[in-house]
Number of protein chains: 2
Amino acid sequence: MDVRVTVDIVIFTILKGRLKVLLIRRGIPPFKGEWAIPGGFVLESESLDQAARRELAEETGVTDVFLEQLYTFGDPDRDPRARVITVSYYALITSDRALNAGTDAAEARWFSADRPPRLAFDHSSILRTARRRLEGKLEYTDVGFQLLPPAFTLTELQGVYEAILGRELDKRNFRRKILQTGLLVELSEKKRIGPQRPAQLYGFSPRSA
Amino acid sequence: MDVRVTVDIVIFTILKGRLKVLLIRRGIPPFKGEWAIPGGFVLESESLDQAARRELAEETGVTDVFLEQLYTFGDPDRDPRARVITVSYYALITSDRALNAGTDAAEARWFSADRPPRLAFDHSSILRTARRRLEGKLEYTDVGFQLLPPAFTLTELQGVYEAILGRELDKRNFRRKILQTGLLVELSEKKRIGPQRPAQLYGFSPRSA
DNA sequence: CCAAAAGTGTTGGTTTTACACCCATGG
DNA sequence: CCATGGGTGTAAAACCAACACTTTTGG
């Protein structure tokens, strides 16, 4: 049987200390006017990963970001028009680059990842799946760093973890644990942004260091 | 673009204390005569999960087993004939039911999951992905129990863990840890199979017990 | 009585959690 | 000098890893 195949990409970022997801408003039926996860059809000559990167670039203008396949959704009636299965992905983009996204022609906005609006198709399931995966991977991978610019403070990093986990963490324990992974390098600059002690900046050290 | 969609199922079991995978020999080109992971096309009216369960039943005769979606492979040239993407799954079947599988018309055999033969298409990647997923899930889920019949001894369970992890475990530590999960219930019978002390049989207690 | 696998506790080291005060700066 | 967020250590509890002998049975 021949079917149409799309990729849909759950794009996360952190804004104002909250986990956000990028949604676009559909301009055509079905689900016209409703919010949806960005995506599109896989082209003849490209791999699934390439299709996802292309769509991500089209939607946000960003390249070279964390992108990982999530799950494939293929219920026969998930699209009322035809048999369409979608290979979902999730991407993490840094807060500094996030602001440029969602300013394109199509209406696009950042929404709370925890209280999203009603979504088209089965996109609520896709988002929930992405949310769970991100939370799960936070503790045993370095995904958390992918949401911050190249130089960041430990307080900012802790904010990312708290936004994803949805609970507060102990400052001293967090710092000890994250530093002893050896994944962070202390940069020579400090961040001074107000009437307070300047914060040490850190960078993400290359993997097998 | 329209593509063909298949499901491929990596079917694991434990035989003689070793992790095995079921492979079938291809009767038609391409890759005629080579070993491959069982699978087939998704039908018009079925979901991906249903397709996987159907193929699994056709291949092994078993139903009601652990089955989980793994990853979707879709490189443009992974099948030389046409654009075919495959949604891969992995399944775990208990050793007592494993023996009936692989005796059908098509040539099918159990192979070592760690030293499989050369495989058709990108099936080696699929198998590696499944192998990693299984190993990863062993420690934080109950997948290990899915490979044993309803009544089993702790030594048998430990054997499953050792086969998947590829290393030996300490008997006392293993027993303590597995028992304190609360997932096992002591059955009233014991297993007596030779000139030795009979072993207590355990069952898998329903989840939220 | 012997061979075979079943069963059982303790100790030392490591990891995790809980918790409160001083520091550096800008205004 | 004060308000703001940055930065630091310690003690108790939980968890993990290493390790050897006794028990029950069939033949």
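The chains referred to below are lettered A, B, ... by the order of the sequence lines, with proteins before strands, and numbering in each begins at 1. Just so it is clear, the model here is predicted, and its values are computed rather than measured.
- Using a 4.5 Å cut-off on side-chain heavy atoms (C-beta onward), Leu92(B) and Phe145(B) make no contact.
- The two residues Arg26(A) and Ala120(A) come nearest to each other via the heavy atoms CD-CB, 3.8 Å.
- None of Thr129(A), Leu70(A), Leu19(A) except one satisfies the side chain to side chain contact (heavy atoms under 4.5 Å, CB included) rule with Leu134(A); the exception is Leu19(A).
- Residue pairs meeting the salt bridge (charged side-chain N to carboxylate O under 4.0 Å, His left out) criterion with at least one partner in residues 157-185 of chain A, sequence neighbours excluded, do not occur; the list is empty.
- For Arg133(B), the CZ atom is densely surrounded, since the number of other residues' heavy atoms within 6.0 Å is greater than 12.
- Annotation: side chain of Asp79(B) is not in contact with side chain of Thr6(B) (no heavy-atom distance under 4.5 Å).
- A nucleotide of DNA chain D counts as in contact with chain B when one of its atoms lies under 4.0 Å from a heavy atom; the first and last such, 5' to 3', are dA17(D) to dG26(D).
- When the C1' atom of dA5(C) is taken as reference, atom NZ of Lys191(B) falls 12 Å away, rounded to whole Å.
- For the pair Phe174(B) CZ and dT8(C) P, the computed distance is 14 Å after rounding to whole Å.
- Inter-residue side-chain proximity for Leu179(A) and Tyr202(A) is flagged as met; some heavy-atom pair is nearer than 4.5 Å.
- Proximity of Glu135(A) to Leu165(A): side-chain heavy atoms (C-beta onward) are separated by under 4.5 Å at one or more points.
- Spacing between atom CZ of Arg197(A) and atom P of dA24(C) amounts to 5 Å, rounded to whole angstrom units.
- The phosphate of dT8(C) has neither OP1 nor OP2 within less than 4.0 Å of any side-chain N or O from Arg175(B).
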Legend entry - Nucleotide-resolved protein contact map, nucleotides 16-21 of chain C, B/S/- at heavy-atom distance under 4.0 Å: -BBBB-
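- In this structure, Arg192(B) places its CZ atom 15 Å from C1' of dA4(C), rounding to the nearest Å.
- Rounded to an integer number of Å, the gap from CD of Glu139(A) to P of dT15(C) is 17 Å.
- Each of Thr155(B) and Pro198(A) has a nearest nucleotide on DNA chain C; the 5'-most of these lies closest to Thr155(B).
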